[in-house]
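Naming: A, B, ... by sequence-line order, numbering from 1 per chain. Computed from a prediction, not measured in an experiment: that's the story for all the values here.
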Amino acid sequence: MKRILDEALIYEILSVVEEIPEGKVATYGQIARLIGREKNARLVGKVLSMSEFYGSYPCHRVVSHNGRLAPGWAEQKYLLEEEEVPMKDDAHVDLALCRWDC
DNA sequence: GTATTGACTTTCC
DNA sequence: AGGAAAGCCAATA
(Lines give C-alpha, C1' and ligand atoms only; values in the text may rest on other atoms or scores of the structure.)
Protein backbone atom coordinates (compact mmCIF):
# COMPACT_ATOMS: atom_id res chain seq x y z
CA MET A 1 0.00 0.00 0.00
CA LYS A 2 1.37 3.29 -1.01
CA ARG A 3 0.80 6.10 1.42
CA ILE A 4 -0.50 8.93 -0.69
CA LEU A 5 -0.85 11.49 2.07
CA ASP A 6 0.65 11.78 5.53
CA GLU A 7 -1.06 9.57 8.06
CA ALA A 8 -1.46 12.47 10.49
CA LEU A 9 -3.35 14.56 7.95
CA ILE A 10 -5.65 11.67 7.10
CA TYR A 11 -6.30 10.92 10.77
CA GLU A 12 -7.24 14.54 11.48
CA ILE A 13 -9.63 14.78 8.57
CA LEU A 14 -11.26 11.37 8.98
CA SER A 15 -11.69 12.00 12.72
CA VAL A 16 -13.79 15.06 11.90
CA VAL A 17 -15.71 13.36 9.09
CA GLU A 18 -16.84 10.51 11.32
CA GLU A 19 -18.29 13.08 13.72
CA ILE A 20 -20.74 14.41 11.16
CA PRO A 21 -24.26 13.55 12.41
CA GLU A 22 -26.77 11.70 10.27
CA GLY A 23 -28.87 13.77 7.92
CA LYS A 24 -26.26 16.54 7.87
CA VAL A 25 -23.40 17.43 5.58
CA ALA A 26 -20.17 19.40 5.98
CA THR A 27 -18.20 21.38 3.44
CA TYR A 28 -14.55 20.71 2.64
CA GLY A 29 -13.64 24.18 3.85
CA GLN A 30 -15.48 23.61 7.11
CA ILE A 31 -13.56 20.42 7.79
CA ALA A 32 -10.33 22.05 6.69
CA ARG A 33 -10.87 24.76 9.30
CA LEU A 34 -11.57 22.21 12.05
CA ILE A 35 -8.28 20.44 11.39
CA GLY A 36 -6.42 23.75 11.35
CA ARG A 37 -5.96 24.00 7.59
CA GLU A 38 -8.68 26.35 6.43
CA LYS A 39 -7.07 26.91 3.05
CA ASN A 40 -6.45 23.23 2.42
CA ALA A 41 -10.01 22.24 1.48
CA ARG A 42 -8.58 20.53 -1.60
CA LEU A 43 -6.51 18.24 0.58
CA VAL A 44 -9.67 17.16 2.39
CA GLY A 45 -11.19 16.11 -0.90
CA LYS A 46 -8.10 14.16 -1.85
CA VAL A 47 -8.02 12.38 1.48
CA LEU A 48 -11.73 11.62 1.28
CA SER A 49 -11.21 10.02 -2.10
CA MET A 50 -8.91 7.56 -0.33
CA SER A 51 -10.90 7.45 2.90
CA GLU A 52 -12.65 4.25 1.86
CA PHE A 53 -9.21 2.77 1.29
CA TYR A 54 -8.10 3.71 4.80
CA GLY A 55 -11.39 2.81 6.52
CA SER A 56 -15.17 3.18 6.49
CA TYR A 57 -16.09 6.83 6.87
CA PRO A 58 -19.25 8.79 5.96
CA CYS A 59 -17.44 10.60 3.18
CA HIS A 60 -20.80 10.97 1.39
CA ARG A 61 -21.77 13.59 4.00
CA VAL A 62 -19.03 15.88 2.74
CA VAL A 63 -19.89 18.25 -0.11
CA SER A 64 -18.54 21.45 -1.64
CA HIS A 65 -19.45 24.92 -0.31
CA ASN A 66 -22.27 25.14 -2.88
CA GLY A 67 -23.73 21.74 -1.98
CA ARG A 68 -22.12 20.23 -5.06
CA LEU A 69 -21.57 16.46 -4.71
CA ALA A 70 -18.31 14.77 -5.57
CA PRO A 71 -17.78 14.62 -9.36
CA GLY A 72 -17.79 11.14 -10.86
CA TRP A 73 -19.51 9.69 -7.78
CA ALA A 74 -23.15 8.86 -8.55
CA GLU A 75 -23.61 6.76 -5.40
CA GLN A 76 -23.22 9.75 -3.11
CA LYS A 77 -26.66 11.06 -4.07
CA TYR A 78 -28.29 7.78 -3.07
CA LEU A 79 -26.40 7.64 0.21
CA LEU A 80 -27.55 11.14 1.10
CA GLU A 81 -31.16 10.32 0.34
CA GLU A 82 -30.86 7.35 2.68
CA GLU A 83 -29.76 9.79 5.40
CA GLU A 84 -32.85 11.95 4.81
CA VAL A 85 -30.70 14.78 3.51
CA PRO A 86 -32.77 17.31 1.51
CA MET A 87 -31.63 17.45 -2.10
CA LYS A 88 -32.00 20.53 -4.28
CA ASP A 89 -30.96 18.80 -7.48
CA ASP A 90 -29.56 15.48 -8.58
CA ALA A 91 -26.13 16.81 -7.80
CA HIS A 92 -26.80 19.39 -5.06
CA VAL A 93 -27.91 19.24 -1.42
CA ASP A 94 -29.79 21.97 0.45
CA LEU A 95 -27.03 23.39 2.62
CA ALA A 96 -29.52 25.82 4.16
CA LEU A 97 -31.17 22.88 5.94
CA CYS A 98 -28.55 20.17 6.31
CA ARG A 99 -25.31 22.11 6.83
CA TRP A 100 -23.40 20.73 9.85
CA ASP A 101 -23.33 23.11 12.81
CA CYS A 102 -19.87 24.50 13.32
C1' DG B 1 15.22 23.43 -6.79
C1' DT B 2 10.54 24.46 -9.93
C1' DA B 3 6.11 22.75 -12.38
C1' DT B 4 1.75 20.39 -12.37
C1' DT B 5 -2.48 18.73 -10.30
C1' DG B 6 -6.36 18.05 -7.10
C1' DA B 7 -13.86 15.06 -4.37
C1' DC B 8 -11.89 23.32 -2.92
C1' DT B 9 -13.24 28.50 -2.00
C1' DT B 10 -13.97 33.17 -3.16
C1' DT B 11 -14.63 36.87 -6.24
C1' DC B 12 -15.98 38.72 -10.53
C1' DC B 13 -18.76 38.63 -14.75
C1' DA C 1 -27.61 31.02 -11.58
C1' DG C 2 -23.65 29.18 -13.79
C1' DG C 3 -18.86 29.85 -15.65
C1' DA C 4 -13.90 31.73 -15.36
C1' DA C 5 -9.85 33.17 -12.97
C1' DA C 6 -7.04 33.67 -8.89
C1' DG C 7 -5.62 31.87 -4.46
C1' DC C 8 -4.36 28.43 -1.27
C1' DC C 9 -1.67 23.91 0.64
C1' DA C 10 0.29 19.30 0.06
C1' DA C 11 1.92 15.62 -2.76
C1' DT C 12 3.98 13.95 -7.17
C1' DA C 13 7.00 14.26 -11.20
Seminar exercise, completed: Within residues 27-44 of chain A, those residues having any heavy atom closer than 4.0 Å to DNA chain C are A/Lys39, A/Asn40, A/Arg42, A/Leu43
Seminar exercise, completed: Writing each nucleotide of DNA chain C 5' to 3' as (, ), [, ], | or . by Watson-Crick or G-U pairing under 3.5 Å yields .||||||.|||||
Problem set entry | For A/Trp73, the rest of its hydrophobic cluster, which grows through side-chain links under 4.5 angstrom | A/Leu79
Exercise. If you count the non-hydrogen atoms of other residues, nucleotides and ligands that lie under 6.0 Å from CD in A/Glu82, is the total more than 12?
Worked result: no
Exercise. Any side-chain heavy atom of A/Val17 sitting closer than 4.5 Å to one from A/Val44?
Worked result: no
Exercise. To the nearest Å, how far apart are A/Leu9 CG and C/dT12 P?
Worked result: 12 Å
Seminar exercise, completed: Residues pairing under salt bridge (charged side-chain N to carboxylate O under 4.0 Å, His left out) where one sits in residues 16-34 of chain A, two or more places apart or in two chains, turn out to be A/Lys24-A/Asp101
For this session: Could you point out which residue of A/Asn40, A/Val16, A/Val47, A/Leu43 forms a side-chain contact (heavy atoms from CB on, under 4.5 Å) with A/Ile35?
Result: A/Val16
Exercise. First contact, last contact: which nucleotides of DNA chain B are these for chain A, 5' to 3', heavy-atom distance under 4.0 Å?
Worked result: B/dG6 to B/dT10
Problem set entry | Side chain to side chain, A/Leu34 and A/Trp100, heavy atoms closer than 4.5 Å | yes
Exercise. Does A/Leu69 offer a backbone N or O that forms a donor-acceptor pair with the side chain of A/Gln76 under 3.5 Å?
Worked result: no
Exercise. By salt bridge (charged side-chain N to carboxylate O under 4.0 Å, His left out), which residues pair with A/Arg37, not counting sequence neighbours?
Worked result: A/Glu12
Pair up each side-chain donor or acceptor in residues 84-93 of chain A with any protein partner under 3.5 Å, not counting sequence neighbours, and list the distances.
none

Exercise. With a cut-off of 6.0 Å (strictly less than), are more than 12 heavy atoms of other residues, nucleotides or ligands near CZ of A/Arg68?
Worked result: yes
Exercise. Does anything in residues 61-81 of chain A reach DNA chain C, meaning a heavy atom under 4.0 Å, and if so which residues?
Worked result: none
For this session: Return yes if some donor-acceptor pair links the side-chain N/O of A/Gln30 with the main-chain N/O of A/Val62 below 3.5 Å, else return no.
Result: no
For this session: For DNA chain B, determine which residues of residues 85-93 of chain A have any heavy atom closer than 4.0 angstrom to one of its atoms, and list them numerically.
Result: none
Problem set entry | Spatial distance of atom CG (A/Asn66) from atom OG1 (A/Thr27) [nearest 0.5 Å] | 11.0 Å
For this session: If a pair satisfies salt bridge (charged side-chain N to carboxylate O under 4.0 Å, His left out) and one of its residues is in residues 71-80 of chain A, list it, with sequence neighbours excluded.
Result: none
Exercise. Can you name the residues that form a side-chain hydrogen bond (donor to acceptor under 3.5 Å, both in side chains) with A/Glu83, not counting sequence neighbours?
Worked result: A/Arg61
For this session: Drop me the distance from A/Tyr78's OH to A/His60's NE2, to the nearest 0.5 angstrom.
Result: 15.0 Å
